[in-house]
Amino acid sequence: MTSAPHLLTDPFLQLPTANSVQVVWFTEFSGKKHIVTYGENLEQSTLAKTNKLSRTREDQQSKVAHITTNQPVKRDIWRHEAKITGLTPGVSVPYRVISMEEHGASVSSNVFTLAANPQPGQKLKILLTSDHQLKPMTAANLQKVVETVGQVHGVWLAGDLVNVSDRASEWFDDSRGGAFFPALQGRANYEIIHNDVKTIYTGGQIIQQAPMFTAIGNHEVMGRLEKTNSLNGEFNDTIPRAVAQKLYSDESLIDNSFNTRTYEEIFSLPQSTTGGKKYYAVTFGDVRLVVLYATCMWRTPKLDTPHKGRYTEPAQNLEQPENWGYGQLIFEPIAEGSEQYNWLQAELNSPEFEQAKYRVVMLHHPPHTLGDNIVPAYTNPVQIIERDPQGKITAIRYEYPKTADYINRDVLPLLEAADVQLLLYGHSHLWNRFVSPSGMHFLETSNVGNSYGAAWGDKKREVPTGYKKDYVAVGDPYGLEPVIPTIAPLLGEDGQPIPYIASNDITVFSIFDTGAGVVTSYYFDTRKPDSDVVKFDEFKLKQN
Ligand SMILES: [Fe+2]
């Protein structure tokens, strides 16, 4: 069979330095040669390095045209990366990529522009986003970003890029048209139907010309390799490293507990000495951005459930420790004294951090929110095993002492002391924001669909009863009042302004304008495809 070769993605920009930037793209053929041509007349060229992704697969739940299978099968995908050097800060240069097959046919991308890392003083518009996960409003959201503010200079994405990280089609070509790269590259084809009116959204052509920095969310993490017969099963099959050590002492600890291999293979990111790409800091224009690896396993809050729970193990698994879920386990320690905490402390004392005009921290897990997922506390689950007089296990539950919340107890005091101006996070699929008494801002701007609502007014979180610790059903469990949007808040049923947007019809995005030091949030009502985007909130960062 012969067909014209095609690129699996457009190229996108990663890891800009003072005089270079990486161009990355993907194909489904290894090819003879892959190059980037660039310069005013595309007269220069750089050869790419090619690597094959090691874990990308499809399975019975994949939605991709040419693959049907009833178990996970490997999908061959090659990643190409070229470092473009000798750039002048502030000067954009046209580029395109060309991939050549073994037998001569070649395919090239359109022409985009690349640039080195922006310098201090350069005014930037940065898109703040998260939790795309192929949700129904993602393509509409990103399309409205470009229609509203034009080309952004950077993208900060606070985790949960896809649903199941090893499922290739979620990144590249899910047949519903809203995969991760197409939505961020203006190549989506996602349909929203409302009142019989069909609207197709293409997403936004964004990351071809704007470097993206990402944080790891719970959806970037895969569980034990090949111990279940589906990728969703594998995603849910995480266990703590310490348990893996006991169960599989002589095998790979990473493959037998949890891993972020595919995420790390797809992205080129700044690295820290202790965390590699998993947590890092970078200077981008006037901003020092610190990215943490702060996320935990999502498990159901239901108590009477056949699934591995947040608060319980299901009855059928009580005698099989290898089948326990171990509650809402935390993937990377961040408590005081941990490697990540020590690295953060050193970063906050570094000249790059101290000299930056703006200091921003991005993490996936919410420090303050009205969303569901802030309860229980961000702390290692305390396992309580109940036995009958014969020693047989009768119940296993997990408690999460709120006083041991690592983010609120350990991390936030450090950030307050270091004059961080903004924390960006996601995970609960809503927009809301908070301000600490010292003026540190907290923003969750992750509304692209599948909202779980806001625990406010009559709406309560699902929290266990009869448990010992403190599980807060309404409001921010850590005591801050949500801020009412400053420009055009939505109104509740009583006609009063509400301090959040949690909707499966109204999508939200936020832009950080580093020239003005202002963060602006916009919403778009997908039920009214011809309606205007509404600027509904704006706040200014505290000046150091
Ligand atoms: Fe999440």
Side-chain angles (χ1 to χ4, degrees), residues 128-138 141 155-167 170-171 178 180 183 212-223 231-232 234-238 258-260 262-263 267 278-279 291-301 307-310 325 327-332 334 361-379 381 400 405-407 411 423-432 442-455 461-462 476-477 500 502 504 507-510:
L128 311 179
T129 185
S130 75
D131 298 86
H132 290 186
Q133 295 174 250
L134 295 87
K135 294 301 179 203
M137 298 191 293
T138 308
N141 183 294
V155 177
W156 298 350
L157 205 169
D160 283 3
L161 289 65
V162 294
N163 296 296
V164 175
S165 189
D166 284 2
R167 185 177 288 127
E170 292 202 18
W171 295 100
F180 180 77
M212 177 166 60
F213 297 100
T214 53
I216 297 176
N218 51 306
H219 284 274
E220 276 63 70
V221 183
M222 292 297 294
L231 294 175
N232 284 37
E234 208 166 299
F235 168 72
N236 284 311
D237 197 27
T238 54
F258 56 87
N259 74 85
T260 50
T262 294
Y263 170 84
F267 295 105
K278 297 201 270 296
Y279 53 86
V291 178
L292 302 177
Y293 182 12
T295 184
C296 57
M297 189 65 202
W298 188 93
R299 298 201 186 284
T300 176
H307 303 291
K308 298 165 182 177
R310 229 175 257 200
Q328 179 180 282
L329 65 107
I330 288 174
F331 297 119
E332 178 73 25
I334 200 169
V361 172
M362 178 164 77
L363 71 169
H364 186 62
H365 197 86
H368 294 282
T369 184
L370 302 179
D372 282 0
N373 289 331
I374 196 168
V375 175
Y378 193 80
T379 188
Y400 301 82
D405 184 293
Y406 306 137
I407 294 175
V411 175
L423 276 83
L424 170 68
Y425 46 92
H427 194 43
S428 289
H429 300 198
L430 78 163
W431 181 96
N432 61 176
F442 296 84
L443 176 65
E444 183 168 15
T445 180
S446 56
N447 201 280
V448 291
N450 197 28
S451 183
Y452 314 117
R461 294 186 185 92
E462 191 166 351
D476 171 35
Y500 62 87
N504 290 321
T507 190
V508 175
F509 59 88
S510 300

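Read the numbers this way: they start at 1 and go in the same order the structure lists the ligands and their atoms.
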task: State which residue, out of Lys135, His132, His364, fulfils the side chain to side chain donor-acceptor pair (under 3.5 Å) condition with Asp160.
output: His364
message: Looking only at N, O or S atoms, which one in Asp160 sits nearest to the Fe ion (ligand 1)?
response: OD2
query: Are any N, O or S atoms from Thr295 nearer to the Fe ion (ligand 1) than 2.8 Å?
result: no
query: Taking the Fe ion (ligand 1) as the vertex, what is the angle from NE2 of His364 to ND1 of His427, given to 10 degrees?
result: 90°
query: Taking the inter-plane angle between the rings of Phe331 and Tyr293 on a 0 to 90° scale, is it parallel (under 30°), tilted (30 to 60°) or perpendicular (over 60°)?
result: parallel
query: Which is it for Arg299 and Asn236 under the side chain to side chain donor-acceptor pair (under 3.5 Å) test, yes or no, and what are the steps along the way?
result: CA-CA 8 Å; Arg299 298 201 186 284; Asn236 284 311; 5.0 Å; no
- request: Please work out whether the ring planes of Tyr452 and His429 are parallel, tilted or perpendicular, with thresholds of 30° and 60°.
  value: parallel
